[in-house]
Peer 1: 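Let me begin by handing over the structure; questions about it come next.
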Amino acid sequence: MTDVAERLQELRQTGLHRRLRLVAGPQGPSVQLDGRLVLLLCSNNYLGLADHPQVRAAAAEAAMRWGAGAGASRLISGNMEPHRRLEERLAAFKGYQAALLFGSGYLANIGAISALAERGSVVFSDELNHASIVDGCRLSRAETFVYRHRDVEHLAWGLTQAEGRGALIVTDGVFSMDGDVAPLEALAELASRHDCRLMVDEAHATGALGPGGRGSVAAAGLGEEVDLVVGTLGKALGSYGAYVCASRELSEYLVNTARPFIFSTAPPPPALAAALAALELLESGPQRVERLRANGATLRRALAVEGLDSGGSECQIVPVEVGDADRAMEFCERLLERGVFAQGIRPPSVPEGSSRLRFTVMANHRTAELRRAAKLAGAAARELGVVATGSAARRYASPALAA
Ligand SMILES: Cc1ncc(COP(=O)(O)O)c(C=O)c1O
């Protein structure tokens, strides 16, 4: 047996083996999954824009006008009109001087963090931050102080210990696996007090929170207190790619130092044109954001009726934690058998012992569909004897955990 085969076997034995499922057709509220029609409750196409006719048309037109790819990195010959146009619009939407596009949210996070923190400095990172933030911290070679989830006192203590070496506080705006929101006002206050930059990842907040879907920073009434806002084009904006909003100076600095920006091909024009069309639809149709919020609340309420706890969720991400990885996957399969697809989430995406079914709703789900899904989830949970253990969000708010 090869070392790889052994490792795969180990993953199977511990319930952590993953396999790809195949979706036919666009990411609508229902999809054909492995040949069966199911209600889709795990797509990040939150506003239903990935398959919107205007978004598709924009991508197709851009492909005809500018071609399928950018052909080079931005700093070689890949900087094209669609890049500049989208950056200007994103900066205006978020209320920042500048926006800089990256290939993906993963690349934006590792690029920005490793550019802003260096060996000898300290990055402060919430323990439930997305993997791309964790990897950015590792790449930076800075010391990383992992503070307990949303625990501002723990962070304040860490900042004091760092004695001026703090380079960056970094947090998800909306936590991707729990759907709860970072305490941004308090983080901004601490960043200012300790002369440390603050970076907020709005991957799941853009299009979902704040006035007109401007995100968690806008929802908290903050702006320039947050030095960098990262967003992705691959979720509510229905396309692919990402951006970092910042001051002109910081943006220029990232152009010169963020390695995934420098050493990777520029995002392709069709993806950018699609994102721009989606942004225009978001700006002209804020009712989609309201609908998304209402749908999140509907699902949470309907799950609660079934005795399923969605923890600290405040938005379109609605987890039902069950603990064990195998049970989470079994829960997923039983629900799939009933025609509802919500993915089981296991380590390393979530901490050990906090595996869950993670529902994500879309603005174009119907209320009746969400109520039906919750009923079916309740039936599957009862069949399995799954008792929700309470959300990671709540458990991790306890000060009992060490960093
Ligand atoms: C909080 C967060 N940040 C960043 C990313 C990565 O974004 P992308 O999919 O554009 O690489 C994700 C993706 O799931 C995420 O949840």
Side-chain angles (χ1 to χ4, degrees), residues 18 27 42-47 49-50 86 90 94 99-114 123 125-139 146 149-150 168-182 184 187 198-209 215-217 219 226 228-245 258-261 264-268 271-272 274-275 278-279 312-319 342-346 348-351 356 358-362 392-393:
R18 286 149 156 89
Q27 297 274 318
C42 51
S43 172
N44 300 325
N45 179 21
Y46 295 133
L47 300 177
L49 296 176
L86 182 58
L90 286 166
K94 291 282 190 179
L100 188 66
L101 291 166
F102 281 76
S104 70
Y106 184 92
L107 293 173
N109 276 334
I110 63 171
I113 298 169
S114 57
V123 182
S125 174
D126 188 291
E127 68 179 321
L128 295 187
N129 275 344
H130 187 257
S132 52
I133 293 179
V134 174
D135 292 356
C137 294
R138 287 177 181 152
L139 261 182
V146 179
H149 183 48
R150 300 173 72 226
L168 190 67
I169 299 170
V170 57
T171 184
D172 282 12
V174 165
F175 288 88
S176 57
M177 298 299 146
D178 291 279
D180 55 342
V181 180
L184 292 181
L187 298 188
L198 176 59
M199 170 169 156
V200 178
D201 177 348
E202 303 224 273
H204 299 276
T206 302
L209 261 60
S216 53
V217 171
V226 178
L228 299 104
V229 163
V230 173
T232 165
L233 308 178
K235 302 188 195 298
L237 293 178
S239 181
Y240 187 74
Y243 55 92
V244 179
C245 289
R259 292 172 68 87
F261 179 87
S264 194
T265 302
L272 304 182
L279 182 60
S313 163
E314 295 178 46
C315 64
Q316 75 280 7
I317 299 171
V318 183
Q343 188 59 276
I345 306 283
R346 302 163 278 177
S349 305
V350 291
R356 65 199 64 186
R358 173 179 172 266
F359 297 87
T360 54
V361 301
M362 291 161 57

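Remember, it's 1-based here, ligands and their atoms both numbered in the order they're listed. Keep in mind it's a predicted model, so treat the numbers as computed, not measured. The basis for the numbers below is simple: all heavy atoms, side chains too, and nothing from hydrogens, waters or symmetry mates.
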Peer 1: Could you check atom 5 (C) of ligand 1 against the protein and tell me its nearest heavy-atom contact, residue, atom and distance included?
Peer 2: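 The answer is H130 CE1, 3.5 Å.
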Peer 1: Within the side chain of S239, is there an N or O that forms a donor-acceptor pair under 3.5 Å with the backbone of A271?
Peer 2: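 Such a contact is found between S239 side chain and A271 backbone.
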Peer 1: Under a 4.0 Å heavy-atom limit, does S104 contact ligand 1 with its side chain, its backbone, both, or neither?
Peer 2: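 For S104, the contact with ligand 1 is made by both the backbone and the side chain.
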Peer 1: Within the structure, is a non-hydrogen atom of G234 found at a distance of less than 4.0 Å from ligand 1?
Peer 2: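 Checking ligand 1 against G234, which is what was asked, there is no heavy-atom contact under 4.0 Å.
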Peer 1: Is there any N or O on D201 that sits under 3.5 Å from an N or O of ligand 1?
Peer 2: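 Yes; at least one N/O pair falls below 3.5 Å.
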Peer 1: Just jot down the ligand 1 atoms closer than 4.0 angstrom to any heavy atom of D172, in number order.
Peer 2: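 Going through ligand 1 atom by atom, the ones under 4.0 Å from D172 are 1 (C).
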Peer 1: Has T206 got a side-chain atom pairing as donor or acceptor with A236's backbone, closer than 3.5 angstrom?
Peer 2: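 Checked: no pair found.
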Peer 1: Identify, for atom 6 (C) of ligand 1, the protein heavy atom at the shortest distance, and state residue, atom and that distance.
Peer 2: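 Result for atom 6 (C) of ligand 1: Y106 N, 3.5 Å.
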Peer 1: I'd like to check whether H204 has a polar contact with ligand 1, where a contact means an N/O of the residue lying under 3.5 Å from an N/O of the ligand.
Peer 2: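 Between H204 and ligand 1, an N or O pair is found under 3.5 Å apart.
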Peer 1: Where on N109 is there a heavy atom closer than 4.0 Å to ligand 1, on the side chain, on the backbone, on both, or on neither?
Peer 2: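 Side chain only.
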Peer 1: Do the side chain of S125 and the main chain of V146 share a donor and acceptor less than 3.5 angstrom apart?
Peer 2: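 Not at all, since once roles are kept as given, no pair shorter than 3.5 Å links the two residues.
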Peer 1: Any atoms of ligand 1 less than 4.0 Å from a non-hydrogen atom of A203? List them with their elements.
Peer 2: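 Ligand 1 atoms under the 4.0 Å threshold to A203: 1 (C), 2 (C), 3 (N), 15 (C).
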Peer 1: Tell me the protein heavy atom at minimum distance from atom 13 (C) of ligand 1, and give that distance in Å.
Peer 2: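 For atom 13 (C) of ligand 1, the nearest protein heavy atom comes out as K235 NZ, 2.8 Å.
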Peer 1: Would you say G105 and ligand 1 have an N/O pair spaced under 3.5 Å apart?
Peer 2: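 Between G105 and ligand 1, an N or O pair is found under 3.5 Å apart.
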Peer 1: My understanding is that only one of R358, R356, H149 makes a side chain to side chain donor-acceptor pair (under 3.5 Å) with D178; could you say which?
Peer 2: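 By the side chain to side chain donor-acceptor pair (under 3.5 Å) criterion, D178 pairs with just one of R358, R356, H149: R356.
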Peer 1: For S176, counting its heavy atoms only, list the atoms of ligand 1 lying under 4.0 Å from any of them.
Peer 2: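 Near S176, the atoms of ligand 1 are 16 (O).
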Peer 1: Any side-chain heavy-atom pair from L233 and Y240 closer than 4.5 angstrom?
Peer 2: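 L233 vs Y240: side chains apart.
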Peer 1: Judged by atom type as modelled, is there a donor-acceptor pair below 3.5 Å linking the side chain of D180 to the main-chain atoms of G312?
Peer 2: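 Here the side-chain-to-backbone pair does not exist.
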Peer 1: Identify which one of N129, L198, D126 satisfies the side-chain contact (heavy atoms from CB on, under 4.5 Å) criterion when paired with V170.
Peer 2: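 In the set N129, L198, D126, the residue that makes a side-chain contact (heavy atoms from CB on, under 4.5 Å) with V170 is N129.
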Peer 1: Side chains of D135 and N109: closer than 4.5 Å at any heavy-atom pair?
Peer 2: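 No - every pair of side-chain heavy atoms lies 4.5 Å or more apart.
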